[in-house]
Engineer: 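Below is a structure I'd like to ask you about.
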Amino acid sequence: MSGFATEKVTEDIAKLKVGGSAPDSSSSTGAAAASATAAMSQVASMKNVNEVKQYIMQQQIAALQKKIKKKEGSETHKFWDTQPMAKKDAVISELVNEAIDKNTDPEQVRQTPYSMPAGFEWCEIDVHDEGELQEFYALLAANYVEDDGGEFRFDYSKEFLMWALTVPNYRKDWHVGVRSPAKDGKPGKLMASITAVPALLQVHGVQMSVVEINFLCVHKKLRDKRLSPMLIREITRRVNLTGRWQAVYTAGALLPGCKARCRYWHRTLQPEKLIEVKFSFLPMGKTMPQHVADLDLPKKPLHAFRSMLESDVSQVTALLNTYLRTLKMSQIFEEHEVSHVLLPRENVMNSYVVQGDDGVITDFASFYNLKSSILKSTKYSELLAVYSYYNVAGSMSYEELVTDLLILAKNQGVDVFNALDLMENQSVFGNLKFGRGDGALQYYVYNWNCAQLTPQEVGLVLV
Ligand code: MYA
């Protein structure tokens with residue numbers, strides 16, 4: 001792929017070196033120690049508790065502002081401005097639907113991995129190796145996506161990671177890690193990751209083989225050292241070598257080339273716990289019993305949903321693709337993908353169908369399980385959340401279908417049912433008492449130009 005200026009790569013690597021890259025190495029810890037000493041002497045000079053409280057509050061506000069600024073992104077992007085992505089404020093006509101960089105010759109792609117700072121190494125993460133899967137799990141559990149307030153962090157289970165990364169035709173060399181320098185004969189620690197899995201994507205009627213990029217993660221001790229651009233360049237190189245030139249990904253960060261801005265909505269299932277852990281708040285003027293009663297649901301689903309079976313795969317594939325093709329951007333599934341991705345798996349994937357007496361499957365509904373660690377509660381350590389996945393309502397209204405999903409989730413002991421405002425979801429949020437979340441989720445297609453989409457035009461859920 002053209003456009004990868006070598007000097008940029010060198011500059012990114014240099015930054016990583018200058019920053020003191022070993023996880024337990026000095027310079028980032030040194031800077032932290034210096035600012036802690038400065039803060040302590042400032043606190044020591046204060047006259048009373050109120051002054052200290054005010055100081056702490058100012059520090060917290062400043063940290064939050066920094067986080068928000070990072071999310072909303074800056075005007076210039078040292079890395080992203082070198083990539084085949086539309087500029088942030090570009091208005092693209094409905095008539096445009098094409099690759100930005102039209103080069104599709106794998107022979108022009110760099111054949112060897114990008115070099116790493118001394119001692120650091122690229123590695124493949126073998127999810128079939130229990131030890132490596134555990135290391136990957138641990139990296140994400142301690143360093144992956146958190147909310148702005150630092151109260152919750154995604155806790156992807158090992159079963160979930162295995163499921164997400166072993167879709168049909170997955171490649172181990174697309175599960176990329178970075179290891180720190182080996183020490184005392186022991187291999188280095190897994191410090192960063194990025195993954196790609198193959199998928200079929202349809203954008204404005206054009207179908208293409210893409211990869212879905214996920215699990216970009218840099219250990220907290222290596223942040224702000226430009227390691228992410230290196231990971232992204234390396235995964236791009238590996239994917240390009242196989243003749244794929246587009247990728248789809250989502251991020252909380254607002255970056256160049258955003259195709260759709262979506263938002264999470266949340267339907268409380270366990271009000272008391274969610275309020276206790278500060279996931280949500282008691283509505284003004286309501287008592288807890290009133291709030292609990294408000295959010296009550298029937299004990300059993302209203303329709304004859306049953307768990308999806310292997311024998312349903314062919315009908316579900318047809319039902320799903322027929323619906324997804326009506327949207328402007330969507331994933332398209334092959335039968336063997338539906339079999340891997342959508343068949344029920346305990347604590348990972350829940351999928352249900354309604355089948356008429358004539359054997360025809362009329363409705364499909366699904367959600368996936370993804371816990372979050374609760375970081376600041378002394379009583380609870382886990383938030384049990386599920387996320388709406390793909391749904392097609394044929395014999396019932398969409399609202400009835402989602403009501404049944406809420407009941408099925410609640411009967412599993414789930415705390416909260418989350419859904420993005422894409423596909424038809426938005427139409428039921430009001431009646432089904434979902435609350436608007438504060439986190440936006442941006443959708444991107446790498447190396448593709450097309451007009452901006454509304455959330456309702458998006459038929460793709462990335463886990
Ligand atoms: S989204 C999940 C992302 N992960 C997390 O949020 C976990 C917690 N955070 C971290 O681990 C780090 O903060 C990350 C950044 C790794 C996010 N997507 O290394 P840096 C740009 C893309 O010094 P760090 C997911 O997994 C940023 O604008 N770029 O920063 C999908 C800046 O560039 P520029 C991002 O904070 C990932 C540069 O990185 C993101 O230490 C899709 C700074 O690098 C982000 N979420 O680490 C990846 N956040 O200066 C793209 C920041 O230009 C795939 N940045 O503004 C592209 C397609 C590739 C394949 C193509 C094949 C054809």
Side-chain angles (χ1 to χ4, degrees), residues 1-4 8 11-16 18-19 21 28 66-67 69-85 87-88 99-101 103-104 106 109 139-148 150 152-156 164-165 171 174 176 178 190-199 201 208-259 439-448 462-463:
M1 173 78 64
S2 60
F4 296 165
K8 279 261 169 242
E11 193 184 322
D12 283 333
I13 294 173
K15 256 261 166 113
L16 187 58
V18 169
S21 33
S28 56
K66 197 174 156 198
K67 257 189 178 171
K69 201 169 162 211
K70 203 169 171 185
K71 260 199 163 163
E72 282 304 307
S74 55
E75 289 310 304
T76 56
H77 293 273
K78 231 165 96 189
F79 166 65
W80 280 109
D81 290 346
T82 68
Q83 298 298 298
M85 301 297 282
K87 295 278 166 282
K88 250 185 189 165
I100 296 172
D101 183 336
N103 173 21
T104 52
V109 176
L139 172 73
L140 297 178
N143 301 282
Y144 202 48
V145 180
E146 291 176 14
D147 69 313
D148 284 339
F152 309 97
R153 188 189 306 124
F154 280 143
D155 183 15
Y156 285 86
L165 294 175
R171 294 175 60 111
W174 288 353
V176 180
V178 172
L190 185 66
M191 298 301 286
S193 63
I194 191 165
T195 66
V197 294
L201 184 75
M208 50 190 145
S209 294
V210 303
V211 289
E212 294 174 354
I213 302 287
N214 209 342
F215 305 118
L216 168 63
C217 182
V218 169
H219 193 290
K220 289 186 176 187
K221 287 183 174 163
L222 289 184
R223 293 275 167 89
D224 294 326
K225 298 184 195 307
R226 314 295 303 175
L227 185 51
S228 307
M230 297 168 73
L231 286 156
I232 296 168
R233 284 188 172 106
E234 179 59 18
I235 195 92
T236 304
R237 188 189 71 79
R238 293 181 188 206
V239 171
N240 285 166
L241 280 172
T242 68
R244 290 181 191 236
W245 309 94
Q246 274 73 38
V248 62
Y249 53 99
T250 55
L254 182 58
L255 305 162
C258 170
K259 294 284 168 274
L441 189 73
Q442 277 68 232
Y443 274 72
Y444 302 91
V445 184
Y446 183 87
N447 190 23
W448 195 259
L462 297 180
V463 294

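We count ligands from 1, going down the list as the structure has it; atoms in each ligand are counted the same way.
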Engineer: Counting only nitrogen or oxygen atoms and a 3.5 angstrom limit, does S228 reach ligand 1?
Structural biologist: yes

Engineer: Which atoms of ligand 1 are found less than 4.0 Å from any heavy atom of K78?
Structural biologist: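 That gives atoms 34 (P), 50 (O), 53 (O) of ligand 1.
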
Engineer: Select one of side chain, backbone, both or neither to describe which atoms of Y249 lie under 4.0 Å from any atom of ligand 1, heavy atoms only.
Structural biologist: side chain

Engineer: For the side chain of N447 and the backbone of I100, is there at least one donor-acceptor N/O pair under 3.5 Å apart?
Structural biologist: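 Confirmed, N447 side chain pairs with I100 backbone.
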
Engineer: Show which atoms of ligand 1 fall inside a sub-4.0 Å distance from at least one heavy-atom site of D224.
Structural biologist: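 That gives atoms 23 (O), 24 (P), 36 (O), 41 (O) of ligand 1.
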
Engineer: Just let me know how Y446 lines up against ligand 1, side chain, backbone, both or neither, with a heavy-atom cut-off below 4.0 Å.
Structural biologist: side chain

Engineer: Can you tell which part of E146 has a heavy atom less than 4.0 Å from ligand 1: side chain, backbone, both or neither?
Structural biologist: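 Looking at E146 and ligand 1, no heavy atom falls under 4.0 Å.
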
Engineer: Once you restrict to heavy atoms under 4.0 Å, what part of N143 touches ligand 1? Side chain, backbone, both or neither.
Structural biologist: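 Near ligand 1, N143 shows its backbone, while the atoms from C-beta on stay back.
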
Engineer: Nearest non-hydrogen contact with atom 1 (S) of ligand 1 belongs to which option: L255, T250, L216?
Structural biologist: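 Selected option, by shortest heavy-atom distance: T250.
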
Engineer: How does D81 reach ligand 1, if at all, at less than 4.0 Å between non-hydrogen atoms: by side chain, backbone, both, or neither?
Structural biologist: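 Neither part.
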
Engineer: Is there a polar contact between ligand 1 and C217, counting only N or O atoms under 3.5 Å apart?
Structural biologist: no

Engineer: Quick check: T76 and ligand 1, any N/O pair under 3.5 Å apart?
Structural biologist: no

Engineer: When you look for heavy atoms under 4.0 Å from ligand 1, do you find them on the side chain of V239, its backbone, both, or neither?
Structural biologist: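 Looking at V239 and ligand 1, just side chain atoms fall under 4.0 Å.
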
Engineer: Can you tell me how far CG of L139 sits from SG of C217, rounded to the nearest 0.5 angstrom?
Structural biologist: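 Output value for this atom pair is 4.0 Å.
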
Engineer: Between Q442 and G252, is there a donor-acceptor pair closer than 3.5 Å when you use the side chain of the first and the backbone of the second?
Structural biologist: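 Yes, the answer is positive, given that a donor and an acceptor are paired below the 3.5 Å cut-off.
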
Engineer: What part of Y444, side chain, backbone, both or neither, has a heavy atom within less than 4.0 angstrom of ligand 1?
Structural biologist: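 Neither part.
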
Engineer: For A253 and ligand 1, does the shortest N/O to N/O distance drop below 3.5 Å?
Structural biologist: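 There is no such contact.
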
Engineer: Does the ring centre of F215 sit less than 6.0 Å away from the ring centre of Y156?
Structural biologist: yes

Engineer: Would you call the rings of F154 and Y144 parallel, tilted or perpendicular if under 30° counts as parallel and over 60° as perpendicular?
Structural biologist: tilted

